[in-house]
Amino acid sequence: MIQFDFQSADILIVDDTPADLRILIETLSDRGHRVRPVLDGKSALEVALREPPMLILLDINMPGMSGYDVCREFKRDPRLADIPIIFLSASASVEDEVRAFAVGGADYVTKPFRADEVNARVGAHLKIRQLMVELDRHNRNLEEMVRIQVREISESQIATIVAMAKLSEYRDDDTGSHILRVQGYCRTLARRLAAEGAFASTIDAAFIGNIFQASALHDIGKIGIPDSILLKPGQLTVAEVAIMKTHSMLGARTLAEVMKAYPGNAFVRMGMDVARSHHERWDGSGYPDGLAGEAIPLSARIVALADLYDALRSKRPYKPAFDAEKTYAIITEGDGRTSPSHLDPRVLAAFKASAVEFEATFRELQEPVSGLL
């Protein structure tokens with residue numbers, strides 16, 4: 001396994017305000033990181049090209065090149081494009097945050113800084129960087145197999161990718177049971193749909209096997225969400241919601257790295273689909289792409305219902321666990337936040353016919369709070 005030393009990460013800070021530089025240098029140096037400060041965007045590009053850093057903290061408002069301009073230049077250069085960039089700004093407006101993400105930023109921190117927030121966000125994105133490096137090394141180790149036309153990822157390699165997905169889940173569920181339950185629900189739904197003849201041209205034994213494995217990857221992008229947001233017990237702000245929603249794109253981007261080595265592999269392709277699209281809604285009100293109806297990949301439609309069921313049945317920082325009866329009622333009737341119109345009608349019908357099996361899966365992998373369906 002690649003060694004990735006969080007305690008001595010090489011971090012480039014770009015800010016034209018000396019006072020802010022001093023705060024950031026002190027904050028990150030106290031954690032043992034190697035910090036390289038520069039005062040403008042041109043210097044940042046020159047320094048990064050000589051020795052690429054692991055992560056960049058980039059001020060937006062600077063003379064000459066703005067932070068947005070600097071970020072665009074980094075993303076255009078293949079030598080620098082993969083370096084995560086955390087924007088720094090005195091502006092807390094949603095519009096500025098959205099623009100930062102649109103040009104390729106990985107995160108957004110407002111001034112004045114809080115040391116704990118800076119350290120938390122830096123730590124989260126270093127973990128993503130570690131995952132990307134590990135995936136790259138994994139791909140390189142498999143090049144010889146690719147050359148001899150080995151097209152399928154073996155079960156042991158699938159297990160490695162699924163284990164990476166669990167890195168994100170262990171932050172708010174140290175049992176890893178959520179992934180296992182979602183896998184079980186998805187297999188139940190796929191089998192029910194196949195038995196009833198729905199999607200006869202799509203759902204076969206290979207599809208069922210792939211969705212069982214690929215569903216484990218749906219929230220892999222949450223490893224990039226700061227704990228202050230992921231584990232927040234109260235309601236998220238508009239800005240925090242926007243950051244939380246980026247996990248779908250982060251997950252798809254991570255799996256795209258694997259896809260480069262296996263462009264025709266059905267498991268990895270399905271994993272990308274569920275990571276990106278499991279928050280899309282049948283009526284078009286979901287994210288990140290606002291897809292509707294059949295435009296949403298079938299695998300993502302199945303995972304959406306499975307993930308919703310487990311979220312309702314499980315305790316979360318922002319809600320208690322619901323019993324089986326209440327969960328069934330919310331999914332089939334709605335509760336103001338979720339609605340049957342959000343779900344593929346045929347997948348919803350398969351759930352109604354399989355509700356007892358869902359509850360059996362939940363009970364097998366975690367004792368329910370209360371209630372029987």
Side-chain angles (χ1 to χ4, degrees), residues 120 124 165-189 215-216 218-248 251 274 278-283 285-287 300-343 347-348 350-352 354-373:
K166 287 190 175 182
L167 287 174
S168 61
E169 185 183 356
Y170 286 144
R171 295 166 68 201
D172 62 345
D173 176 6
D174 59 12
T175 68
S177 297
H178 169 68
I179 282 178
L180 298 178
R181 292 193 298 270
V182 168
Q183 285 182 306
Y185 305 147
C186 287
R187 181 165 56 188
T188 294
L189 287 172
S215 62
H218 67 285
D219 275 342
I220 192 171
K222 282 188 176 179
I223 197 169
I225 304 301
D227 286 349
S228 59
I229 296 176
L230 185 65
L231 305 181
K232 184 176 179 179
Q235 185 174 359
L236 299 181
T237 66
V238 172
E240 289 169 338
V241 169
I243 293 171
M244 177 67 83
K245 288 183 175 180
T246 64
H247 81 275
S248 59
V274 300
H278 68 287
H279 285 293
E280 300 287 1
R281 292 175 171 179
W282 184 258
D283 62 5
S285 63
Y287 66 88
R301 286 178 258 158
I302 292 172
V303 172
L305 195 151
D307 190 39
L308 173 61
Y309 181 90
D310 203 64
L312 293 171
R313 287 292 280 119
S314 304
K315 182 179 179 181
R316 292 288 184 265
Y318 54 85
K319 61 168 282 295
F322 298 145
D323 64 26
E325 289 187 24
K326 184 171 182 178
T327 296
Y328 182 88
I330 290 173
I331 292 174
T332 58
E333 301 171 15
D335 69 345
R337 295 186 61 183
T338 186
S339 165
S341 67
H342 296 166
L343 303 167
V347 176
L348 179 58
F351 164 71
K352 291 178 180 178
S354 306
V356 173
E357 295 171 67
F358 267 60
E359 181 61 7
T361 297
F362 185 86
R363 285 182 173 275
E364 178 183 355
L365 293 170
Q366 175 179 306
E367 287 298 318
V369 175
S370 63
L372 290 170
L373 187 65

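This one's a predicted model, so the numbers in the text were calculated from it and none came from an experiment. All values below come from the heavy atoms of this structure, side chains included, with hydrogens, waters and symmetry mates left out.
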Restricting to ring-ring contact (aromatic ring centres under 6.0 Å, His included), what partner residues turn up for H279, sequence neighbours left out? H247, Y287
Donor-acceptor under 3.5 Å (K319 side chain, S314 main chain): yes
Can you give me the closest heavy-atom contact between A216 and Q183, atom names plus distance? CB-NE2, 3.7 Å
To check you understand the geometry: which heavy-atom pair defines the closest contact between F358 and L189, and what is its length? CZ-CG, 3.6 Å
Quick one: are C186 and V274 in side-chain contact, heavy atoms under 4.5 Å? no
Can you name the residues that form a side chain to side chain contact (heavy atoms under 4.5 Å, CB included) with T361, not counting sequence neighbours? Y185, L365
To the nearest 0.5 Å, what is the distance between OG on S177 and CG on D310? 9.0 Å
Would you indicate whether the side-chain heavy atoms of R301 and L343 approach each other to under 4.5 Å? no
If you measure from CG on D307 to CD1 on I179, what distance do you get to the nearest 0.5 Å? 10.5 Å
Smallest heavy-atom separation, S285 atom then D283 atom, equals OG-OD1, 2.7 Å
Atom pair CD/OG1 of E359 and T327 - distance to nearest 0.5 Å: 8.0 Å
Considering non-hydrogen atoms only, spot the tightest contact between S341 and W282 and give its length. O-CB, 3.4 Å
A304: partners by side chain to side chain contact (heavy atoms under 4.5 Å, CB included), with sequence neighbours left out: none
So CD of E364 and CZ of R181: to nearest 0.5 Å the spacing works out to 11.5 Å
CD of E357 to CZ of R187, rounded to nearest 0.5 Å, is 11.0 Å
With T332, which residues qualify under side-chain hydrogen bond (donor to acceptor under 3.5 Å, both in side chains), at least two apart? none
For the atom pair NE2 (H278) and OG (S215), what is the distance rounded to the nearest 0.5 Å? 11.0 Å
Could you work out, with salt bridge (charged side-chain N to carboxylate O under 4.0 Å, His left out) as the rule, every residue matching E240, not counting sequence neighbours? K232
Among residues at least two apart in sequence or on other chains, which ones pass side chain to side chain contact (heavy atoms under 4.5 Å, CB included) with T338? L308, I330, D335, H342
Report yes if the side chains of Y328 and K352 come closer than 4.5 Å at any heavy-atom pair, otherwise no. yes
State whether the side chain of R313 and the backbone N or O of A321 hold a donor-acceptor pair below 3.5 Å, judged by distance alone. no
